[in-house]
Amino acid sequence: MPKSVQLEDLPANVRAALDLLKVRRPNAVVSRDVTQRDDDGIFQIDVILPPVIDENGHPNEIEITLSIDDQYPYSEVEINLKKPKICGEKHQRLEDGKLCLRSDIRQCLAEDKILKSVDNARQWVEDALNGRLGADGDHYEIPDFEHGRKTVAQTGFRLMYRADKRRLDEIWSHYIGECGVAELLKLDADNVFAFVSATNATGATIFKDDDWKLHCRNEYKTKRAIWCFVDDIVYENHRPPVTWKELWELLESSGCGGAYEMVRKEWARSDDELAYLLIGCPIPDVYGGENVSCFWRAVAFETFQACKRHIRTKSCKKLKPLRSWRISEPEAGEGVKWCPSENLSYIDLTSRWVFSQPLENSSVAIVGCGAVGSSLADKLARGGVSDFLMIDPERLAYGNLSRHLLSGNVVGAGKAEELGRWLEMYTPFKMANWLNVRLPLCDAQRPFTERILGQDLVLECTGDDVSSAWLSRLTREKSKRMVRLFLNSDATYLTGVFSGRNVSCRRVELAFCSDLGRRSVEAERQGLVIEDYKERPVSVRTPGCWSATYPGSWIDIEAMVGCLVKKLEAEVNEGWKCDGRVVVFKSLNPALVGSAVQCVWDERYR
């Protein structure tokens, strides 16, 4: 329970912060009543700030509650607004009115952090009272649904959808103020549903998104919901409807007043325990700008099972009750049960980093899912590649875990299969297949060979010369691009061998080995030490990661593979040239050299 604390009993750093506030902001009145919250080291102090003038010329007194803990200034200073009564504005949490301070203030570690926090709060109040929050050109902020998510936590329902400017312009911009039926597809995760199709009031299909089904390896399970599209989901200030009365008013004003009746009729024929209404609206990128996407939220209705009528069946002469579901009538002042949602559009998922289009649109076969193969697959998937074929006959062992992407909960499972499932978790649109086969393949396994050669790009990461030579011959015959990646015995060098349109990967590698022997002095001047690069007898047969005694560091392998992926992207962008290419990266000691990875060889071969 909260307890009262005297100012003299506060920690020294908290007391010093309040003393600084009194000295530097003499017009601020700091209360002597301090409350410690639940014995968690957080102290709450009421502060009265000088009044600000609103747009009508009236002064408004400001009263805030400061929450500061004993780790100040390393922890955040929380500010909750008590006066004036402003609720649901931009940069404000709807649940308790907490203000969202600027990131530069939250990350400040200076002793005057409390001054910056209080000044920021006063400026926010002044902007809110004068309508200056969310000025034209500021980044658009989604209304806060945090409070609603907590009221529906027991349902566990999450809505996934894809929305971008193309879908807004071609589809939803024509249906503002209209309602229809939506189909939701249950994804493999618990209670996660995707918005896969919609029909309008006449039953005509508006859109259909079958890409979600790539993520469902189990039986397809769907449920129906009602959708409505409004011009804005904001009810007041910058908050969504909080009560059912506010939601009905919003829908009526947008021309979607019949949505609730559609939900009732739909669930009269349903056997689902919860009913859902999807509410969408267009949103801009910046305030005052044009709309660039859609935003969707689901509202959950509680239902109850009701006996509709009794029927007489052929097999039984007795009357049998036919049950149906009814929606519980929500009270006008009852809280709306908003469910969380997330936009999984391509733009949103790849907004931070994505490959250029040639590599992103390529289908990739990765042969060998060990240290190099798993790291390579991870980086390609995060960069936007969505079509994978994983090939590896081995099972994951505990000795792999220190140098592998996968974790210990899948030890004993096939590397290729589990790595494919891992890649599919990035988004519902990754498609990964796998083959638990060992190369080279015999004639009886020709369908497997054709699947490998059906990919645009073959990346060989086994470290096995026999497999590499077999793949090199096949890719040359079928005019497929191949890249071989292998480590030296100490895993300090990573080599990438790129095939050319007129030269096989194996031939490029042999030409590189011959060239390296002739230019050893030049190579060592560039940092490629021949004695270190050559294979040496060690306690493992190959550079594979299956042995616990393998000397390779996962940090070094990750860094070198990341550099090689950038070379791979550049090579694919330039088009398939007639000659091949060899790139060698060396892992360095970061304590001695500024960069941990150095490119020590980059040559082309015919």
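Scope of the values below: all heavy atoms of this structure, side chains included, with no hydrogens, waters or symmetry mates.
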J.: Given side chains that start at C-beta, do those of F355 and L380 come closer than 4.5 Å, heavy atoms only?
T.: yes
J.: Are any side-chain N or O atoms of H174 and backbone N or O atoms of D169, one a donor and one an acceptor, separated by less than 3.5 Å?
T.: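 Pair found, side chain donor or acceptor close to backbone of D169.
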J.: Less than 4.5 Å apart, any side-chain heavy atom of N80 and any of L99?
T.: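 Side chain of N80 against side chain of L99, heavy atoms only: no contact under 4.5 Å found.
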J.: Less than 4.5 Å apart, any side-chain heavy atom of W244 and any of V299?
T.: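 When only atoms from C-beta onward are counted, V299 and W244 do touch, with a gap below 4.5 Å.
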J.: My understanding is that only residues two or more places apart in sequence, or in another chain, count here; which of them pass side chain to side chain contact (heavy atoms under 4.5 Å, CB included) with D46?
T.: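 S31, E63, T65, K82.
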J.: When you compare the side chain of R264 with that of F301, does any pair of heavy atoms fall below 4.5 Å?
T.: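 When only atoms from C-beta onward are counted, R264 and F301 do not touch, as no gap falls below 4.5 Å.
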J.: Got a donor-acceptor contact below 3.5 angstrom from the N120 side chain to the K116 backbone?
T.: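 Flag not set: sc N120 to bb K116 has no pair under 3.5 Å.
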J.: Using a 3.5 Å distance criterion without hydrogens, assess whether the side chain of R297 forms a donor-acceptor pair with backbone atoms of C339.
T.: yes
J.: Indicate yes or no for a side-chain donor-acceptor contact from S253 to the backbone of L250 under 3.5 Å, with no hydrogens or angles considered.
T.: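 Flag set: sc S253 to bb L250 pair under 3.5 Å.
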J.: Identify which one of L81, L133, N60 satisfies the side chain to side chain contact (heavy atoms under 4.5 Å, CB included) criterion when paired with I86.
T.: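 Answer after filtering L81, L133, N60: L81.
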J.: D119 and Q123: side-chain donor and acceptor closer than 3.5 Å?
T.: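 The answer is no; no qualifying pair exists.
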J.: Using the benzene-type ring in the case of Trp, are the ring centres of Y276 and W227 under 6.0 Å apart?
T.: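 No - the distance between ring centres of Y276 and W227 does not fall below the 6.0 Å cut-off.
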J.: Does S293 reach the main-chain N or O of A163 with its side chain, forming a donor-acceptor pair under 3.5 Å?
T.: yes
J.: Got I68 and N13 here, is their nearest side-chain heavy-atom distance under 4.5 Å?
T.: no
J.: With D378, which residues qualify under side chain to side chain contact (heavy atoms under 4.5 Å, CB included), at least two apart?
T.: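 Residues passing side chain to side chain contact (heavy atoms under 4.5 Å, CB included) with D378: R382, L405, W422, Y426.
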J.: Does the side chain of W296 come within less than 4.5 Å of W172's, by heavy atoms?
T.: yes
J.: Of all the heavy-atom pairs spanning C294 and N343, show the shortest one and how long it is.
T.: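 Scanning both residues completely, I find the closest heavy atoms to be O-ND2, 4.4 Å.
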J.: Applying side chain to side chain contact (heavy atoms under 4.5 Å, CB included), run through V292 and L168 and close with a yes or a no.
T.: CA-CA 7 Å; V292 296; L168 175 64; 5.9 Å; no
J.: Can you tell me if K113 uses its side chain to pair, donor with acceptor, with the backbone of S75 under 3.5 Å?
T.: yes
J.: Would a 4.5 Å heavy-atom cut-off, applied to side chains only, mark F193 and Y161 as touching?
T.: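 When only atoms from C-beta onward are counted, Y161 and F193 do not touch, as no gap falls below 4.5 Å.
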J.: Would a distance-only check, ignoring hydrogens and angles, find a side-chain to backbone donor-acceptor pair under 3.5 Å from R122 to P51?
T.: yes
J.: Just by distance, no angles: are the side chains of Q44 and T35 close enough, under 3.5 Å, to form a donor-acceptor pair?
T.: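 No pair is found: no donor N or O on one side chain lies under 3.5 Å from an acceptor on the other.
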J.: Where the side chain of N56 meets the backbone of H58, is there a donor-acceptor pair that is under 3.5 Å apart?
T.: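 No: the side chain of N56 does not pair with the backbone of H58.
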J.: Do W124 and I79 touch side chain to side chain, with heavy atoms closer than 4.5 Å?
T.: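 They are not in contact (no side-chain heavy atoms under 4.5 Å apart), so the answer is no.
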J.: Cut-off 3.5 Å, no hydrogens considered: what does the side-chain donor-acceptor table look like for residues 236-243, sequence neighbours left out?
T.:
from	atom 1	to	atom 2	distance (Å)
E236	OE1	R239	NH2	2.8
N237	ND2	C87	O	2.9
H238	NE2	E141	O	2.6
R239	NH1	E246	OE1	2.9
R239	NH2	E246	OE2	3.0
T243	OG1	E246	N	3.3

